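A quick write-up on the structure given underneath.
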Amino acid sequence: MSQPVRVRFAPSPTGIPHIGNMRTALFNWLYARHTGGKFILRIEDTDQTRKVEGAEEKIYESLEWLGLEWDEGLDVGGEYGPYLQSERLELYKSAAEHLITQGHAYYCYCSPERLTQMRAEQSKRKEPPHYDRTCRELTPEQQAKKVAEGITPVVRFKIPLDGKTSFNDIVYGQVEFENVLLDDLVILKSDGFPTYHLANVVDDHMMQITHVIRADEWLSSTPKHMLLYDALKYNAPQYAHMPMTFGKDKAKLSKRHGATALLDYKSMGYLPEAMMNFLVLMGWSLDDKTEIFSKDDLIRHFSLERVSRTGAIFDMDKLNWFNGYYIRQLTVDGLIERITPILGKELPDEVKRPIDEDQLRRIVPLIHERLKLLNEITDLVSFFFVEDVQHNADELVGKKMTGELAVNALQSSSDKLSSLVEFDADSLENLLRPLADELGLKTGQLFGTLRVATTGKSVAPPLFQTMEVLGRDKCLKRIGSALDMLKGVG
RNA sequence: GGCGCAUUCGUCUAGUGGCCUAGGACAUCGCCCUCUCAAGGCGAAGAUCACGGGUUCGAAUCCCGUAUGCGCUACCA
């Protein structure tokens, strides 16, 4: 009785997939992988007017970045294709015709103008806007007349005039609607394309979808779909509606909330594994403790029953934390692999390409746990690669120092550094700590000034290791130019 | 306007009648570590469980009402 699970992600190519879309895709994919079922990708391009060029590619790119491979669909094929709705028009047309012959649907000749005007009047009278069913009972003569006028009709579905439609949603439980409140919806548009409702029902049936996992916004339309399944004598799939995602102000996530497209996060330097962990926890949890889930953990533990019913606000702080966490979990080689392309693009031109991997291997451990976003890497490490750094006199002197003390400190350091035998972190520490004493400075004062002198920054990785990696020549050269600056020489 | 769904710390959430004077995580604050920044450790603060009524020996958990939010109400999906 229990057939293998088949779920689908069915985006329409009207824009770049956003966080909410992709979370729905993730839940579908997880459910398929958890149950050993199939994850199908179907493109719902039934709205020719809203179609956006290139959107389809962005859908693939988003899925691939997150690591949600699909078992059937565009690119990979499958035995239930085609997987593009615009190539399935005949199927919808014959379903619509079948419904007409069975008395479940009818041609409607009402003009869009008439419909909008009618709705305007209805809402002025404080009535719920609805179709008045003018064409539902047209006689053959009346129909013939309309056809003679050259009007291309749409096809509307006959909603039963009484009774109730209910279904059991895996997430929301039993939901019930009065049929009288439902409109005779358009199922086939005058351009020959189906509306979402028809296409969705026909495809889900023909592709043998067992579970429809989709966003909450569809909950109210589900009775229409149930009625359509009935009229078509199809078995309805199981439904599981997912709570929606919102911006900080509790409004539906949109452009003004900043980045909403998943791929924006890719380019900002987020890790797909962090994104996946973050997304799944918006609306799903395993228990009261577990926060970190690998992909395998998720596949093992995911269940529709533990999806919550309340909408979630997108919390960038938490995402950032996950990202930092996952970066820290990366091996040095893993991190290098991910940052090399970024550095190749962003480091100043004076830095030789390809980027010196041996040097990178020595640098990475110093900045690894300081990295929250991959894209921050360039700012963090560029001083290692460039020849000279810019100094800021105030930073160089520091808050607890005077210019004189700073000059003195740099001069003494420079002298001692040039005669140091081994230029490594331990030797540097053994040399510089006593030096602070000799100079009557706190270690923080000396090290702070040296840090700015050698790196050009007041915030940098630990001094001794940093100096070791920089090497004696660069250190002395930079200390020299810092001295020149403080002394007011050029 | 109608219908549907929801409502636990700022945020994500745990919780399905007694284990809850409500647990965890992020963010915040403090302390420790410390050459800066991180990371890490420890700790604090933060929710009268939207509100009002019931039911019950006992309710965040069940019922009713109210409020608020969101969704749908298109020849959009």
Side-chain angles (χ1 to χ4, degrees), chain A residues 10-12 14 44-47 49-50 108 110-112 115-116 119 122-123 125-131 152-156 169 171-173 175-178 180-183 185-191 193-197 199-200 214-224 241 243-244 246 248 250-252 278 281-292 308-322 324-325 328 367-372 380 398 429 432-433 436 442-452 455 457-464 466:
Chain A
S12 54
T14 52
E44 307 212 329
D45 59 341
T46 55
D47 187 346
T49 59
R50 290 205 310 154
C108 170
C110 299
S111 69
L115 294 174
T116 19
R119 291 198 188 94
Q122 287 166 341
S123 52
R125 274 181 269 128
K126 302 258 182 197
E127 281 172 32
H130 63 283
Y131 177 58
T152 316
V154 300
V155 176
R156 281 184 189 272
D169 190 276
V171 174
Y172 288 91
V175 187
E176 190 176 74
F177 293 81
E178 299 266 1
V180 260
L181 269 7
L182 267 27
D183 236 2
L185 61 145
V186 173
I187 54 175
L188 205 65
K189 304 182 237 179
S190 54
D191 64 358
F193 278 74
T195 58
Y196 170 88
H197 309 288
N200 202 257
R214 60 176 19 166
D216 192 7
E217 56 192 323
W218 293 107
L219 193 65
S220 303
S221 310
T222 307
K224 297 173 189 169
H241 287 91
M244 307 194 32
F246 304 102
K248 281 231 183 306
K250 260 276 179 189
K252 199 170 166 177
F278 171 72
L281 253 21
M282 279 177 83
W284 178 86
S285 63
L286 176 67
D287 55 28
D288 59 339
K289 294 260 174 354
T290 322
E291 297 280 333
I292 301 296
S308 85
R309 273 166 305 258
T310 66
I313 293 173
F314 183 88
D315 181 9
M316 188 88 80
D317 283 332
K318 189 137 189 177
L319 208 211
N320 289 339
W321 175 76
F322 272 118
Y325 176 84
R328 272 172 257 134
I367 52 84
H368 199 152
E369 69 191 19
R370 293 172 170 76
L371 200 58
K372 269 217 156 59
L380 244 34
E429 181 157 14
L432 294 172
R433 280 198 189 277
K442 298 215 160 159
T443 50
Q445 297 176 299
L446 206 218
F447 299 167
T449 293
L450 274 174
R451 169 175 298 109
V452 177
T455 68
K457 297 149 71 91
S458 55
V459 173
L463 186 62
F464 313 124
T466 301

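Keep in mind the model is a prediction, meaning the values are calculated, not measured. Computed over heavy atoms, backbone and side chain alike; hydrogens, waters and symmetry mates excluded.
Within 4.0 Å (heavy atoms only), L463(A) reaches at least one base atom of the nucleic acid. When heavy atoms are screened at a 4.0 angstrom cut-off, K442(A) is found touching no nucleic acid atom at all. Residue V154(A) is in base contact, counting any heavy-atom pair closer than 4.0 Å across all strands shown.
Side-chain atoms of S220(A) come within donor-acceptor range of the base of G71(B), with a qualifying N/O pair under 3.5 Å. Contact annotation: side chain of K318(A) to base of A25(B), donor-acceptor pair present below 3.5 Å. Not a single donor-acceptor pair, N or O on each side, falls under 3.5 Å between the base of C5(B) and the side chain of R309(A).
For the pair D317(A) CG and A25(B) P, the computed distance is 16 Å after rounding to whole Å. The separation between R370(A) atom CZ and C35(B) atom P is 13 Å, rounded to whole Å. Straight-line distance from the CG atom of L281(A) to the P atom of U13(B): 8 Å, rounded to whole Å. The distance from atom CG of N320(A) to atom P of A25(B) is 19 Å, rounded to the nearest whole Å. To the nearest angstrom, P of A14(B) lies 11 Å from CH2 of W284(A). G71(B) atom P lies 10 Å from atom CG of D216(A), rounded to whole Å. The interatomic distance linking R214(A) (CZ) with G71(B) (C1') rounds to 13 Å, in whole Å. One can place CG of D315(A) at 9 Å from C1' of G10(B), the figure rounded to the nearest angstrom.
With a 3.5 Å ceiling on both atom-pair distances, the Watson-Crick or G-U wobble partner of C72(B) is G2(B). Under the Watson-Crick or G-U wobble criterion, with both distances below 3.5 Å, G58(B) has no partner in any strand shown. Pairing partner, C26(B): G10(B), with both Watson-Crick or wobble hydrogen-bond distances short of 3.5 Å. Base pairing of C33(B): no nucleotide in any strand meets the Watson-Crick or G-U wobble criterion (both distances under 3.5 Å). Figure legend. U66(B) is base-paired to A50(B); pairs are counted as Watson-Crick or G-U wobble with both atom distances under 3.5 Å.
Taking 4.0 angstrom as the limit, R119(A) places a side-chain polar atom (N or O) nearer than this to OP1 or OP2 of A74(B). Phosphate proximity of A77(B) to R50(A): absent, as no side-chain N or O sits under 4.0 Å from OP1 or OP2. One finds a side-chain N or O of S285(A) lying less than 4.0 angstrom from the OP1 or OP2 phosphate oxygen of A14(B). The phosphate of C76(B) (OP1 or OP2) has a side-chain N or O of K189(A) nearer than 4.0 angstrom.
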Protein proximity profile, nucleotides 29-34 of chain B - base contact B, sugar-phosphate-only contact S, no contact -, cut-off 4.0 Å on heavy atoms: ------
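With values rounded to the nearest 0.5 angstrom, H130(A) atom NE2 is found 12.5 Å from L182(A) atom CG.
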